[in-house]
Amino acid sequence: MPELPEMETYENLLVRKISGKTITDVTVNREKSINTSVSDFINRVKNQEITAIDRRAKHLLFYLKSGDVLLLHLMLGGLMFYGTEEEKLDRTVQIQLSFGKHYLYFIGLRLGYLHLLSLGEVEQVLTDLGPEPLDEQFTREVFLDVSKNKRGRLKTTLVDQEFLSGIGNRYSDEIAWHAQIMPARKMNELDEQGMNRLYDSIRFVLQQAIKYGGYMEQPLYHGDTLTGGYGTRMYVYDREGDPCSRCGTLITKGEMSSRKVFFCGKCQF
DNA sequence: AGGGCAACCCGGACGC
DNA sequence: TGCGTCCGGGTTGCCC
């Protein structure tokens with residue numbers, strides 16, 4: 001569920017907490033969440049310093065001093081919490097990393113994972129991802145170019161990680177609403193103005209979401225007031241029956257490619 | 001190429 | 001309280 005802005009928020013907050021710190025202990029309660037044996041995982045992660053943290057699409061990368069990388073994907077329902085044992089949430093923890101008396105808890109990892117990889121392996125795994133929508137190299141010209149041969153629906157295209165990386169079910173709807181385009185519209189039916197609005201909306205919605213800390217409900221740590229601030233600022237997602245804040249028409253819920261889709265039937269075309 | 005769909009996975013919400 | 005049931009949803013792979 002976490003998308004680009006949620007992972008970006010996590011990254012920015014975690015850098016201040018654990019960057020440069022040493023992982024003093026490791027607990028793996030769910031072996032399926034990792035890609036090696038528990039003993040091997042612990043051997044290679046324990047006592048390693050986290051030298052840097054980076055984000056790519058919906059992934060978070062924890063660089064270890066050894067050269068290994070912990071590659072995190074929260075998939076559906078995954079979340080993190082950082083705090084002491086007393087502050088720990090009443091949730092099942094799949095993996096925890098210790099930093100002295102503080103812990104980084106990985107919660108809700110069902111299909112989500114924390115894989116231990118070499119730099120080369122990480123590159124391999126991430127190789128098919130499309131451009132980062134907020135990268136300065138992702139210019140309007142680049143967007144128009146990669147969209148040129150797209151004949152699919154807008155929503156389907158936006159969530160395609162090979163087209164653009166980091167956008168998921170929620171932000172695709174928010175972007176379509178902001179650009180005033182129907183999620184089911186075919187990309188190649190959009191005129192120049194529509195394409196320009198779409199490019200602007202992709203950047204604007206994601207930037208706003210990052211500014212307000214994304215939509216994760218659970219703060220990352222005790223006293224974290226940033227995380228989740230965008231949750232109340234979403235215009236259409238999970239707002240079926242609410243009035244559209246642009247035209248007052250009630251928001252419609254539908255289904256597309258077996259995923260939920262929300263839109264305003266009047267001011268999106 | 002795009003659309004549809006099954007499989008993956010299991011905690012937590014919900015119903016009785 | 002407790003047990004059973006079902007949902008969610010990003011990603012991959014396969015088929016049409």
Side-chain angles (χ1 to χ4, degrees), chain A residues 1-10 27-35 38 55-61 71-81 88-96 105-115 117 121-133 145-176 181-190 202 206 209 214-218 231 234 236-240 253-263:
Chain A
M1 245 159 62
E3 305 174 35
L4 187 156
E6 287 65 45
M7 299 313 282
E8 182 76 14
T9 303
Y10 273 145
T27 306
V28 179
N29 298 322
R30 182 174 177 272
E31 195 164 359
K32 282 184 178 178
S33 298
I34 60 177
N35 60 329
V38 172
R55 181 192 62 74
R56 177 75 175 95
K58 304 173 189 175
H59 303 264
L60 225 52
L61 294 82
L71 180 71
L72 172 71
H73 196 310
L74 292 172
M75 297 287 254
L76 57 141
L79 62 102
M80 286 184 278
F81 183 76
K88 179 181 163 186
L89 305 179
D90 185 23
R91 293 280 305 268
T92 306
V93 171
Q94 283 78 40
I95 300 173
Q96 69 181 51
Y105 298 102
F106 296 88
I107 297 163
L109 298 183
R110 294 175 203 179
L111 301 179
Y113 54 83
L114 186 66
H115 284 178
L117 303 168
E121 288 168 332
V122 169
E123 200 177 325
Q124 196 67 34
V125 171
L126 303 179
T127 188
D128 287 336
L129 289 173
E132 286 284 332
D145 191 54
V146 296
S147 305
K148 215 166 39 199
N149 301 319
K150 281 289 170 188
R151 278 167 287 175
R153 297 161 170 169
L154 171 60
K155 182 183 177 73
T156 316
T157 307
L158 284 178
V159 300
D160 177 358
Q161 301 299 297
E162 291 185 38
F163 171 70
L164 270 186
S165 60
I167 297 171
N169 209 31
R170 297 169 110 99
Y171 288 109
S172 58
D173 285 0
E174 294 300 314
I175 290 165
I181 303 169
M182 279 296 231
R185 274 289 293 280
K186 297 289 179 72
M187 286 284 284
N188 59 342
E189 289 175 356
L190 298 179
I202 290 169
L206 294 176
Y215 60 65
M216 297 303 288
E217 288 180 20
Q218 185 62 51
M234 305 204 94
V236 283
Y237 198 85
D238 263 345
R239 297 201 167 277
E240 182 188 19
K253 177 187 179 182
E255 194 182 289
M256 192 186 298
S257 319
S258 53
R259 338 167 63 137
K260 289 193 285 187
V261 57
F262 298 87
F263 56 90

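As the structure is a prediction and not an experimental result, all values here were calculated from the model. Naming: A, B, ... by sequence-line order, numbering from 1 per chain. Every heavy atom of this structure was used, including side-chain atoms; hydrogens, water molecules and symmetry mates were not.
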Nearest-nucleotide 5' precedence on DNA chain B, A:Lys32 against A:Asp90 = A:Lys32
Find the distance A:Arg259:CZ to B:dG3:P and express it as a whole number of Å.
-> 13 Å
Starting at atom CG of A:Leu111, determine the distance to atom C1' of C:dT11, rounded to an integer number of angstrom.
-> 8 Å
Between C1' of B:dG3 and CG of A:Leu154, the distance in whole Å | 16 Å
Tell me which nucleotide among C:dG10, B:dA1, B:dG11 gets nearest to the side chain of A:Arg151.
-> B:dA1
Closest of C:dT11, B:dG2, B:dG12 to the A:Lys150 side chain is B:dG2
When rounded to the nearest 0.5 angstrom, what is the spacing between CD1 in A:Ile175 and CG in A:Leu158?
-> 5.5 Å
Between P of C:dG13 and CD of A:Glu162, the distance in whole Å | 11 Å
Phosphate OP1/OP2 of C:dG10 contacted by A:His73 side-chain N/O (<4.0 Å) = no
Would you say a side-chain N or O of A:Arg153 is under 4.0 Å from OP1 or OP2 of B:dG4?
-> yes
Reckon A:Arg30 has a side-chain N or O less than 4.0 Å from the OP1 or OP2 of B:dG11?
-> no
Find the distance between OH (A:Tyr10) and CG (A:Leu72) and round it off to the nearest 0.5 Å.
-> 9.0 Å
Please name the residue in the list A:Leu60, A:Val125, A:Asn35 that meets the side-chain contact (heavy atoms from CB on, under 4.5 Å) test with A:Leu71.
-> A:Val125
Interatomic distance where NE2 belongs to A:His115 and C1' belongs to C:dG10 [whole Å] | 14 Å
What nucleic acid atoms does A:Gly152 come within less than 4.0 Å of, heavy atoms only: base, sugar-phosphate, or nothing?
-> sugar-phosphate
Should A:Thr156 be listed as having a side-chain N or O under 4.0 Å from OP1 or OP2 of B:dG2?
-> no
Can you tell me how far C1' of C:dG10 sits from NZ of A:Lys260, to the nearest Å?
-> 14 Å
Whole Å only: how far is the CZ atom of A:Arg91 from the P atom of B:dG12?
-> 4 Å
Tell me: CG of A:Leu129 to P of C:dT11, nearest whole Å?
-> 8 Å
A:Lys58 side chain: which of B:dG4, B:dC9, C:dT11 is closest?
-> C:dT11
For the atom pair CD1 (A:Ile95) and OH (A:Tyr105), what is the distance rounded to the nearest 0.5 Å?
-> 14.0 Å
Output the single nucleotide from C:dT11, B:dA1, B:dC8 whose closest atom is nearest the side chain of A:Gln161.
-> C:dT11
NA contact type, A:Ser258, heavy-atom cut-off 4.0 Å: base, sugar-phosphate, or nothing?
-> nothing
Might you work through the side-chain contact (heavy atoms from CB on, under 4.5 Å) test for A:Asp238 and A:Lys253, ending with a clear yes or no?
-> CA-CA 8 Å; A:Asp238 263 345; A:Lys253 177 187 179 182; over 6 Å; no
